[in-house]
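Indexing begins at 1, ligand by ligand and atom by atom, following the structure's order. Values below: all heavy atoms of this structure, side chains included; hydrogens, waters and symmetry mates excluded.
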Amino acid sequence: MKNKYLYIETFGCQMNVHDSEQMAALLADSGYKLTDNMKMADLILFNTCSIREKAAHKVYSELGRLSKFKEQNPDLIIGVGGCLAQHLGTKFHKRVGHLDFVFGTHNIHRLPEMVASAQKKRGKITNVDFHKSLNSIGIYAPPVNGSISAFVTIMQGCNNFCAYCVVPYLRGREMSRTPEDIIEEIKKLVDCGIKEVTLLGQNVNSYGKYIDNGVNFAGLIKRIAKISGITRIRFTTSHPRDLSKELIDCFAEEEKLCEHIHLPVQSGSNRVLALMNRGYTVEEYRVKVDHLRRVCPQISITSDIIVGFPQETQNDYQETIDMMEKIRFDSLFSFKYSERKGTVAQKFTGKIEECEKLRRLKQLQVLQDKYTLEKNTALEGTRLELLVEGKSKNLESDLTGRTSSWKIVNFKGKQKLIGELVNVKISKAYLHSLRGEIIEN
Ligand code: SAM
Ligand code: SF4
């Protein structure tokens, strides 16, 4: 039988990256091999994001380019999944005429069936219903040969309804997988050589709230830490309001839990945080940061900030800058507010001009670069443990690894170290990485 090839283009967050891994795993069972050459593909999937307007535009422009592929090869199948597909549903077919199927965030498990129908040319397909089952997130994706880290989805959806955000509308309500399910998946991953897992969910701190077995997120971490073969546990994303004392204490008690937390603050102004419906104040956020740093002095704290939210005054913005000065995040993802259809903030008055949003963003990013470099420079001369991930992207002869605190370190070392924990002395700090020299154990 002739090989069939699958090409997947992924947009957006780690959740989407992992969804794409699950899609590839499902379609491998139908005989599709992954290729990174779009021209070779018999099936092209776009896994889309619509968190900001820019992400959605990128999807449309890249999808437009596929019409000539379809003209050259009428048997080529093209499918679109992810958040933008969930949002547009059948309208996607009207907007992009050469699509065969559109599937939403709860319908990944139906991919083989959609591909089979498209092969039989049964007409345009759309599957965007929400389901109460966890079918679409419990799909096991065997790791690529040689990988040492893997994502594990522990829950889907979000109940928070932050005023700017489309996620609750596009990924549905919060649902958690059972601890047994998650642990079984991690054990399988360990058998394939995985040493580090990143637990994924939009709001992992509320894991378990809606399943009746008494295991919360801290409890889940403690159970995963008992799995032999797992050396590191990470998670993302944490909502500051739901970050419990018990979870913070895990950073002191659980050796396998990495010294890093991504804790999106969004703004340094209490007025804006209330408008955003975030459910905490800057003071409450700072108490949690102080607690984290007390129990785990080495912890690296990263965050997300949105500038130019409706009604954000120069004074509110200045409060964000002041907060950054006090907290000193290790690094930051910062965004201009992007209006999303159907969200509460869409109806707000006091929208900020694009050029003003851009000015605020640029100023904030220059400041953060300074703090990031300062944080990295403070590590020069220190000894850190790395999990070696592979060859460096910049220099073939170098290896690259990550510290427990999620910093990238490049160093010279033998290939056999890939997948191992090694100690390095940091010799030089840069903005986006560190340079290290290996220390013989
Ligand atoms: N669930 C996570 C949380 O609450 O922290 C974040 C999910 S979202 C995929 C990642 C980030 O995108 C958010 O933390 C926020 O900073 C940003 N974001 C979400 N909606 C946005 C919007 N409409 N405009 C600009 N940035 C947005
Ligand atoms: Fe969006 Fe807020 Fe839910 Fe994060 S917590 S996914 S920002 S609604």
Exercise: do [X] and [Y] side chains pair donor with acceptor under 3.5 Å:
{"X": "Asn216", "Y": "Glu246", "result": "yes"}
{"X": "Glu174", "Y": "Ser206", "result": "yes"}
{"X": "Gln368", "Y": "Thr372", "result": "yes"}
{"X": "Asn159", "Y": "Tyr210", "result": "yes"}
{"X": "Asn203", "Y": "Asp242", "result": "yes"}
{"X": "Ser20", "Y": "Thr10", "result": "yes"}
{"X": "Asp369", "Y": "Gln365", "result": "no"}

Give the numbers and elements of all ligand 2 atoms closer than 4.0 Å to a heavy atom of [X].
{"X": "Pro168", "value": "8 (S)"}
{"X": "His239", "value": "5 (S)"}
{"X": "Phe161", "value": "8 (S)"}
{"X": "Arg278", "value": "2 (Fe), 7 (S)"}

Shortest protein contact, [atom] (heavy atom only):
{"atom": "atom 5 (S) of ligand 2", "result": "Asn160 ND2, 3.3 Å"}
{"atom": "atom 8 (S) of ligand 2", "result": "Cys162 N, 3.4 Å"}
{"atom": "atom 5 (O) of ligand 1", "result": "Pro264 CG, 2.9 Å"}
{"atom": "atom 22 (C) of ligand 1", "result": "Ser338 O, 3.6 Å"}
{"atom": "atom 12 (O) of ligand 1", "result": "Arg52 NH1, 3.1 Å"}
{"atom": "atom 7 (S) of ligand 2", "result": "Tyr164 OH, 3.4 Å"}
{"atom": "atom 16 (O) of ligand 1", "result": "Gln266 OE1, 2.8 Å"}
{"atom": "atom 25 (C) of ligand 1", "result": "Lys336 O, 3.3 Å"}
{"atom": "atom 8 (S) of ligand 1", "result": "Ile51 CD1, 3.7 Å"}
{"atom": "atom 7 (C) of ligand 1", "result": "Gln202 OE1, 3.4 Å"}
{"atom": "atom 21 (C) of ligand 1", "result": "Tyr164 CD1, 3.7 Å"}

* Asked: Hey, is Arg171 one of the residues with a heavy atom under 4.0 angstrom from ligand 2?
  -> no
* Asked: Which of the numbered atoms in ligand 1 are below 4.0 angstrom from a heavy atom of Arg340?
  -> 23 (N)
* **Non-hydrogen side-chain atoms of Val197 and Phe151 separated by less than 4.5 Å** => no
So, do [X] and [Y] have ring centers that fall under 6.0 Å from each other?
{"X": "Tyr280", "Y": "His239", "result": "yes"}
{"X": "His262", "Y": "Phe333", "result": "yes"}
{"X": "Tyr337", "Y": "Tyr164", "result": "no"}

* Can a cation-pi geometry be assigned to Arg110 and Phe103, taking NZ or CZ under 6.0 Å from the six-membered ring centre and within 45° of the ring axis? -> no
* Between Gln14 and ligand 1, which part of the residue brings a heavy atom under 4.0 Å of the ligand: side chain, backbone, both or neither? -> neither
* Structure fact -> Candidates Thr237, Val166, Asp304; heavy atom nearest atom 10 (C) of ligand 1 found on Asp304
* Asked: Is the shortest distance from a heavy atom of Arg278 to ligand 1 less than 4.0 Å?
  -> yes
* Answer yes or no for Asn203: is there a heavy-atom contact with ligand 1 below 4.0 Å? => no
* **Nearest atoms (heavy-atom pairs only) where Ser404 meets Arg234** => O-NH1, 3.1 Å
* Between Ile408 and Leu434, does a side-chain contact (heavy atoms from CB on, under 4.5 Å) hold up when you go through it step by step? -> CA-CA 6 Å; Ile408 294 172; Leu434 301 164; over 6 Å; no
* Have a look at ligand 2 and work out which part of Cys158, if any, has a heavy atom under 4.0 Å from it: side chain, backbone, both or neither. => side chain
* Asked: Should the proximity of Pro264 to ligand 2, defined as any heavy atom under 4.0 Å, be assigned to the side chain, the backbone, both, or neither?
  -> neither
* Asked: Just wondering, is there an N, O or S atom on Cys165 that's nearer than 2.8 Å to atom 3 (Fe) of ligand 2?
  -> no
